[in-house]
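Each remark here refers to the structure printed beneath this line.
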Amino acid sequence: MAAFGSVFMPKMALATFENNQWSEASIVASDSIQLHPGAHVLHYSSTCFEGLKAFRHADGSVHVFRMDQNIKRLAQSSRLLSLPIIDEAQVSKMILDAVAEFATDVPEPPGSMYIRPTHIGTEAAVGKAAAPTLTSMLYVLLSPVGDYFTGGAKALRLLLDETGMRCAPHMGMIKSGGNYASALGPISRAKVEVQADQILFCPNGDVQETGAANFLLIDGNEIITKGLDSSFLHGVTRSSILTLAADLGMTVTERDLTVAELLERSAKPEVEAVLSGTAAVLTSVGTFIHNDKEYKVGTGEPGPIAQKLRQALNDIQWGKAEDKHNWLTKVI
């Protein structure tokens, strides 16, 4: 497969908001949109998006995972960015219609169809730096993706940054492009200077998230992660993993975690650290870099509990285990 998210299906679902109402959605060519160079999104970053997946089961059926949660988060992001309020039922139908259009292209496990609903401000008005766009466009792109761990799962190196944040605190729970852009500079420097794969942002010692994933610490039978607040993204995969951990009898603790406690716990051989996200589900962390020193996390290798939790989630997504939380929506 090509690099994750770099190949797209030739058509997408599209709807526009004008004159205080949404148009009927339609399936159009993926390269067919027109945007005025003065569009609000290009100057004032009125943009948000989601990432979710559709999976093929052994019987040939196709199912979308936790679509309702992603649509709720898209609605929240749109509202907090002062974009037009989305019609959640319409977006749901757009996702299902787009996936149905290309159901035969949904890869077999461990591949999937990555789904990217995107909402952007389109009003041509560069004088609106302090005012919301009156028009917008919402589209649903599809991208077939393969196994994220094609080359084998590798434990990541994370730089612990106590001075910066991924984004402005009031923007944290919005899934907006600007948040990712603001973290690119520090992450790029960390890759060059200390060969880190990512930065774990820990402003004033408060362990939060990386540039593109939530962070969880596994200590024996306990899984620890920061409690939800407005400063970081409320990941759907994070939520799913915590639910499955509880199902497996683990203790789930959502609370503040300091860098000092993180490093102390990580020195124990049985401890694991993981990043959660739609693309990789769970990615193990093997090394923390802090104040020019390296700290091994547990054994320094991907751990058994991370693998167990990842497999439990994959089994539901691929139809190999009971969907007792009703996370799947059948397309065909």
- Would you check, one step at a time, whether the test salt bridge (charged side-chain N to carboxylate O under 4.0 Å, His left out) holds for Glu272 with Arg265? CA-CA 9 Å; Glu272 301 176 39; Arg265 284 179 178 265; over 6 Å; no

- Give the intermediate values and the outcome of side-chain contact (heavy atoms from CB on, under 4.5 Å) for residues His170 and Ser230. CA-CA 6 Å; His170 69 284; Ser230 63; 5.8 Å; no

- Task: Might you work through the side-chain hydrogen bond (donor to acceptor under 3.5 Å, both in side chains) test for His290 and Glu162, ending with a clear yes or no?
- Result: CA-CA 9 Å; His290 183 247; Glu162 296 188 63; 2.5 Å; yes

- Message: Before you tell me yes or no, could you show the steps for Lys226 and Glu209 under salt bridge (charged side-chain N to carboxylate O under 4.0 Å, His left out), namely the whole-Å CA-CA distance, both residues' side-chain angles and the distance that decides it to 0.1 Å?
- Response: CA-CA 9 Å; Lys226 183 174 175 63; Glu209 62 185 336; over 6 Å; no

- Show your working on side-chain contact (heavy atoms from CB on, under 4.5 Å) between Leu74 and Leu138 and close with a plain yes or no. CA-CA 11 Å; Leu74 183 67; Leu138 198 155; 4.3 Å; yes

- Message: Run the salt bridge (charged side-chain N to carboxylate O under 4.0 Å, His left out) test on Arg157 and Asp197 for me, step by step, so that the C-alpha distance in whole Å, both residues' side-chain angles and the decisive distance to 0.1 Å come before the verdict.
- Response: CA-CA 5 Å; Arg157 292 167 53 86; Asp197 296 294; 5.5 Å; no

- Task: Take Lys175 and Glu50 through the salt bridge (charged side-chain N to carboxylate O under 4.0 Å, His left out) test and state the conclusion after the steps.
- Result: CA-CA 7 Å; Lys175 195 168 178 67; Glu50 280 300 319; 5.8 Å; no

- Task: Applying side-chain contact (heavy atoms from CB on, under 4.5 Å), run through Met9 and Asp105 and close with a yes or a no.
- Result: CA-CA 9 Å; Met9 304 314 297; Asp105 295 289; 3.5 Å; yes

- Could you please spell out the steps behind the side-chain hydrogen bond (donor to acceptor under 3.5 Å, both in side chains) verdict for His325 and Asp247? CA-CA 11 Å; His325 297 291; Asp247 288 349; 2.7 Å; yes

- Evaluate the criterion side-chain hydrogen bond (donor to acceptor under 3.5 Å, both in side chains) for residue pair Thr225 and Glu254; output intermediate values, then yes/no. CA-CA 5 Å; Thr225 189; Glu254 296 183 74; over 6 Å; no

- Message: Could you walk me through whether Asp97 and Met94 satisfy the side-chain contact (heavy atoms from CB on, under 4.5 Å) test, starting with their C-alpha distance in whole Å, then the side-chain angles of each, then the deciding distance to 0.1 Å, before giving a yes or no?
- Response: CA-CA 5 Å; Asp97 286 351; Met94 289 170 68; 5.9 Å; no

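Leu217 and Ile305 end up in different hydrophobic clusters when Ile, Leu, Val, Met, Phe, Trp and Tyr side chains are linked at under 4.5 Å. If you chain together hydrophobic residues whose side chains sit under 4.5 Å apart, Val281 and Ile115 never meet in one group. Under the 4.5 Å side-chain contact rule for hydrophobic residues, Ile174 and Met165 do not share a cluster. Note: the hydrophobic cluster containing Phe65 also contains Leu242 (ILVMFWY, side chain heavy atoms under 4.5 Å, direct or indirect links). There is no path of hydrophobic side-chain contacts, each under 4.5 Å, that joins Phe55 to Val64.
Using a distance-only test at 3.5 Å, with no hydrogens or angles considered, a donor-acceptor pair links the side chain of Asp323 to the main chain of Leu328. Counting only distance, with no hydrogens or angles, the side chain of Ser136 and the backbone of Gly121 share no donor-acceptor pair below 3.5 Å. Lys53 contributes no side-chain N or O that, together with a main-chain N or O of Gln317, makes up a donor-acceptor pair within less than 3.5 Å. Formation of a donor-acceptor pair under 3.5 Å by the His43 side chain with backbone atoms of Pro37 is found in this model.
Side chains of Thr16 and Trp22 form no contact here, defined as non-hydrogen atoms less than 4.5 Å apart. Looking at Pro132 and Tyr44, their side chains never come closer than 4.5 Å, going by heavy atoms from C-beta outward. When side chains are defined from C-beta on, Ile316 counts as touching Leu244, because their heavy atoms get closer than 4.5 Å. The shortest distance between side-chain heavy atoms of Ile95 and Thr329 does not fall below 4.5 Å. By the 4.5 Å heavy-atom criterion applied to side chains, Thr283 and Leu156 are counted as neighbours. Looking only at side-chain heavy atoms (C-beta outward), Lys293 and Asn291 stay at 4.5 Å or farther from each other. Residues Thr278 and Val236 form no side-chain contact, since every pair of their non-hydrogen atoms from C-beta on lies 4.5 Å or further apart. Looking at Leu200 and Val285, their side chains never come closer than 4.5 Å, going by heavy atoms from C-beta outward.
Counting all heavy atoms, side chain and backbone alike, Arg310 lies closest to Leu282 at NH2-O, 2.7 Å. The shortest non-hydrogen separation linking Ser92 to Met67 is OG-CE, 3.2 Å. Minimum heavy-atom separation, His119 to Ser78: ND1-OG, 2.9 Å. A pairwise comparison of heavy atoms in Ser284 and Pro302 identifies OG-CA, 3.4 Å as the closest pair. Here the shortest heavy-atom pairing between Phe17 and Leu134 reads CD2-O, 3.6 Å. Minimum interatomic distance between His40 and Ser46 (heavy atoms only, all atoms of both residues): ND1-OG, 2.9 Å.
Grouped by direct or indirect side-chain proximity (heavy atoms under 4.5 Å, Ile/Leu/Val/Met/Phe/Trp/Tyr only), Val7 sits alone. Other members of the cluster containing Ile33 are Phe8, Met12, Leu14, Val28, Leu35, Val41, Leu42, Ile120, Met137, Tyr139, Leu141, with ILVMFWY side chains joined at under 4.5 Å, either directly or via other members.
Looking at Ser240 and Arg66, their side chains do bring a donor and an acceptor atom within 3.5 Å of each other. With hydrogens and angles left out, the side-chain atoms of Asp256 and Thr258 include no donor and acceptor closer than 3.5 Å. Judged purely by distance below 3.5 Å, without hydrogens or angles, the side chains of Asp206 and Gln208 pair a donor atom with an acceptor atom. In summary, the side chains of Thr135 and Glu18 do not present any donor paired with an acceptor at a separation below 3.5 Å, with no hydrogens or angles considered. His234 and Asn214 are not linked by any side-chain donor-acceptor pair at a separation below 3.5 angstrom, with hydrogens and angles left out of the test. Between the side chains of Gln311 and Asn314, not a single donor N or O lies within less than 3.5 Å of an accepting N or O.
The line from CG of Asp161 to OG1 of Thr210 is 12.0 Å long, rounded to the nearest 0.5 Å. Considering CD of Glu301 and OG1 of Thr287, their distance stands at 8.5 Å, rounded to 0.5 Å. Here the CG atom belonging to Leu263 is positioned 10.5 Å from the CD atom belonging to Glu261, to the nearest 0.5 angstrom. Note that the NZ atom of Lys72 and the CD1 atom of Ile86 stand 12.0 Å from one another [nearest 0.5 Å].
Atom CG of Asp292 sits in a sparse spot, with 12 or fewer heavy atoms from other residues, nucleotides or ligands closer than 6.0 Å. Remark: Lys268 NZ is packed, more than 12 non-hydrogen atoms of other residues, nucleotides or ligands lying under 6.0 Å away. In this structure, Lys11 places its NZ atom where only 12 or fewer heavy-atom neighbours from other residues, nucleotides or ligands lie under 6.0 Å away.
Ring geometry, Phe49 versus Tyr180: the interplanar angle falls from 30° to 60°, so the pair is classed tilted. A perpendicular orientation is assigned to the rings of Phe4 and Tyr114, their planes being inclined by more than 60° (bins at 30° and 60°).
No close placement of the Phe215 and Phe201 rings is indicated, their centers lying 6.0 Å or farther apart.
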